[in-house]
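See structure below.
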Amino acid sequence: MRTLIKHVLAATAPVDRVLVKGWVRTRRDSKGFSFIELNDGSCLASLQVVVDASVPGADPLQRFTTGASAVVEGQLLPSPAQGQKWELRATRIELLGAADASYPLQKKGHTAEFLRTIAHLRPRSNLYGAMFRIRSRLAFAVHQFFQERDFVYIHTPIITASDCEGAGELFRVTTLKGQPGEKPEQDFFGKPTFLTVSGQLEAEAFACALSNVYTFGPTFRAENSNTARHAAEFWMIEPEMAFCDLQADMDLGEEFIKAMARYALEQCAEDLAVFERFVDKGVRERLTFVVERPFVRVPYAEAIEILKKSGRRFEFPIEHGLNLQSEHERFLTEEHFKSPTTVFNYPREIKPFYMRLNDDGGTVAAMDVLVPGIGEVIGGAQREERLEALLENMKQHHLKPEDYWWYLDLRRFGTVPHAGFGVGFERLLMFLTGMPNIRDVIPFARTPGHAEF
Ligand code: 4AD
Ligand code: MG
């Protein structure tokens with residue numbers, strides 16, 4: 001039976017017979033034998049294999065080039081070499097798949113841009129192997145966080161007829177051929193449908209039945225913003241809680257980010273060290289800080305005052321009633337507060353229809369969690385649970401009540417205060433690893449003009 005290299009390297013005593021399979025990272029030849037670094041992706045480290053040219057399958061050793069796949073059977077013995085505990089003395093080796101000199105991952109030090117063009121091979125590199133192991137571990141941590149708190153996981157639909165965020169950044173889903181005279185009623189679903197921009201509205205229906213719920217799935221936005229923080233397809237985590245106000249919503253958001261930072265530090269230490277070494281020297285320190293200190297909380301109006309008084313020249317204007325831009329968010333978290341910051345109570349005009357109107361009549365119970373290096377990682381709100389107020393909001397946003405009849409029903413039948421938020425999973429991963437571009441924390445990125453692989 002094959003053993004994962006991760007488990008082989010964790011051995012506490014020599015093992016007589018070990019069978020491993022993996023890809024050759026490097027080979028160094030000596031007189032009559034070679035050292036092969038074999039990696040199977042189960043962990044960062046490779047296993048050093050010592051192959052005598054005379055063992056079955058070894059001849060000629062030159063076939064075992066970088067990128068080739070191989071099976072090795074041998075004896076696990078303490079390694080005399082520095083920096084590694086074990087090495088595998090091969091008793092048999094077999095070439096599974098050769099790789100010729102055109103294998104693109106021969107040398108170290110490729111740029112992130114180049115590696116995006118070979119996204120099918122980049123997980124074989126140390127950095128991207130670490131990235132996608134961390135991504136998997138963190139996805140598990142997300143579920144653990146909510147399951148431990150009795151949240152119910154809801155699979156909300158990917159195809160939807162409603163535009164939750166009202167931002168119009170929708171991908172159409174259609175079976176129509178685009179021929180003249182075709183009517184929307186002839187379409188597959190009998191009406192226009194889109195890829196979801198958020199599972200929130202459906203999550204609200206379930207929160208108003210099961211109390212605490214969350215979604216975690218792919219989300220789509222046809223935003224034509226070619227930035228390092230926007231993808232057209234990304235994963236969003238959306239908790240929604242019944243009998244909950246903005247205060248408790250902000251508390252959960254903060255607790256969530258802290259729990260993810262703690263999980264990365266404690267459970268992904270080996271992989272995180274790669275990021276500390278090659279991507280972001282301060283990553284571990286930053287995460288420790290995040291775990292230990294309370295986040296800053298500041299109302300939007302106060303944030304605007306701080307920005308106005310900063311004496312900074314920003315590209316985008318700062319004015320009450322305008323959205324905070326990424327440069328403003330980063331100033332607040334990186335320079336002013338030097339801390340993750342939750343901004344709340346935004347002007348109603350710049351937020352979607354479902355947010356709860358505050359008593360001041362001008363702001364809504366919205367909150368965004370901003371973090372250094374990224375800006376907004378969480379966006380959330382207490383929802384408008386009063387039918388009349390919601391109808392008024394929809395009117396102001398030019399939405400037809402009949403399109404949202406079922407959403408309005410939630411206010412007609414046993415309405416309750418409720419709140420929730422959405423976390424961009426990729427932005428969270430960028431924050432946890434220090435990776436500066438969203439294209440490098442998702443296996444196969446979808447951005448304007450790019451849908452390769
Ligand atoms: O702030 P947003 O638009 O909020 C919502 O969609 C709410 N319905 C969530 C809720 O309350 N249930 O998006 C939430 C988060 C953002 O804070 C950001 O982290 C991420 O989703 N996000 C993106 N991530 C990558 N690429 C994009 N184009 C993103 N747009 C939003
Ligand atoms: Mg937002």
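Here, residue 1 is the first one in the sequence, and each next residue gets the next number. Model, not experiment: these values are computed from the prediction. Both ligands and their constituent atoms are indexed starting at 1 by order of listing.
Classified by interplanar angle (parallel below 30°, tilted 30° to 60°, perpendicular above 60°), the ring pair Phe444/Phe453 is tilted. Ring geometry, His110 versus Phe114: the interplanar angle falls from 30° to 60°, so the pair is classed tilted. Under the 30°/60° scheme for interplanar angles, the aromatic rings of Phe146 and Phe256 are found to lie parallel.
In this structure, atom 16 (C) of ligand 1 lies nearest to the protein heavy atom Glu376 OE2, 3.3 Å. Scanning the protein for heavy atoms near atom 15 (C) of ligand 1, the closest one is Gly422 O, 3.6 Å. Nearest protein neighbour of atom 26 (N) of ligand 1, counting heavy atoms only, is Ala231 N, 3.0 Å. Distance from atom 12 (N) of ligand 1 to its nearest protein heavy atom, with residue and atom name: Glu238 OE2, 2.7 Å. Among protein heavy atoms, atom 24 (N) of ligand 1 sits closest to Phe234 CD1, 3.5 Å.
Atom CD of Glu202 sits about 9.5 Å away from atom CD of Glu204, to the nearest 0.5 Å. Here the straight-line distance linking atom OG1 of Thr219 with atom CD of Glu165 works out to 10.0 Å at 0.5 Å rounding.
Ion pair Arg383/Glu240 flagged as a salt bridge, since at least one NZ, NE, NH1 or NH2 atom sits closer than 4.0 Å to an Asp/Glu carboxylate oxygen.
The closest heavy-atom contact to atom 13 (O) of ligand 1, among the options Arg427, Glu165, Arg221, Glu204, comes from Arg221. Which of Gln382, Met236, Glu223, Glu233 comes nearest to atom 21 (O) of ligand 1 through a heavy atom is settled by distance: it is Met236.
Contacts between Ile438 and ligand 1 below 4.0 angstrom, taking non-hydrogen atoms only, involve the side chain exclusively. With a heavy-atom cut-off of 4.0 Å, Tyr354 touches ligand 1 through its side chain alone.
Between the side chains of Ser326 and Arg229, at least one donor N or O sits under 3.5 Å from an acceptor N or O. The closest side-chain donor-acceptor pair between His143 and Tyr214 falls under 3.5 angstrom. In the model, Tyr128 has no side-chain atom that pairs as donor or acceptor with a side-chain atom of Arg124 under 3.5 Å. A donor-acceptor contact under 3.5 angstrom links the side chains of Ser162 and Thr160, judged on distance only. Thr447 and His450 are not linked by any side-chain donor-acceptor pair at a separation below 3.5 angstrom, with hydrogens and angles left out of the test. Looking only at atom types and distance, the side chain of Asp368 has no donor-acceptor partner in the side chain of Thr342 under 3.5 Å away.
Within ligand 1, the atoms closer than 4.0 Å to a non-hydrogen atom of Arg383 are 10 (C), 11 (O), 12 (N), numbered from 1 in the order shown. For ligand 1, the atoms lying closer than 4.0 Å to a non-hydrogen atom of Val377 are 17 (O), 19 (O). Set against the non-hydrogen atoms of Arg229, the atoms of ligand 1 under 4.0 Å away are 25 (C), 26 (N). Residue Ser198 approaches ligand 1 through these ligand atoms, each under 4.0 Å from one of its heavy atoms: 6 (O), 8 (N). Set against the non-hydrogen atoms of Gly424, the atoms of ligand 1 under 4.0 Å away are 15 (C), 19 (O), 20 (C), 21 (O). Numbered from 1 in the order shown, with element, the atoms of ligand 1 that lie under 4.0 Å from a heavy atom of Gly379 read 1 (O), 9 (C), 10 (C), 11 (O), 17 (O).
Residues Leu105 and Leu115 are in side-chain contact: their nearest non-hydrogen atoms beyond the backbone lie under 4.5 Å apart.
Considering backbone and side-chain N/O of His230, none are found under 3.5 Å from N/O of ligand 1. Considering backbone and side-chain atoms together, Glu240 places no N or O closer than 3.5 Å to any N or O of ligand 1.
Shown here are the protein N/O/S atoms lying under 2.8 Å from the Mg ion (ligand 2), water excluded: Glu376 OE2.
For Arg297 and Phe295, the positive end is not near the middle of the six-membered ring at less than 6.0 Å and at most 45° from its axis.
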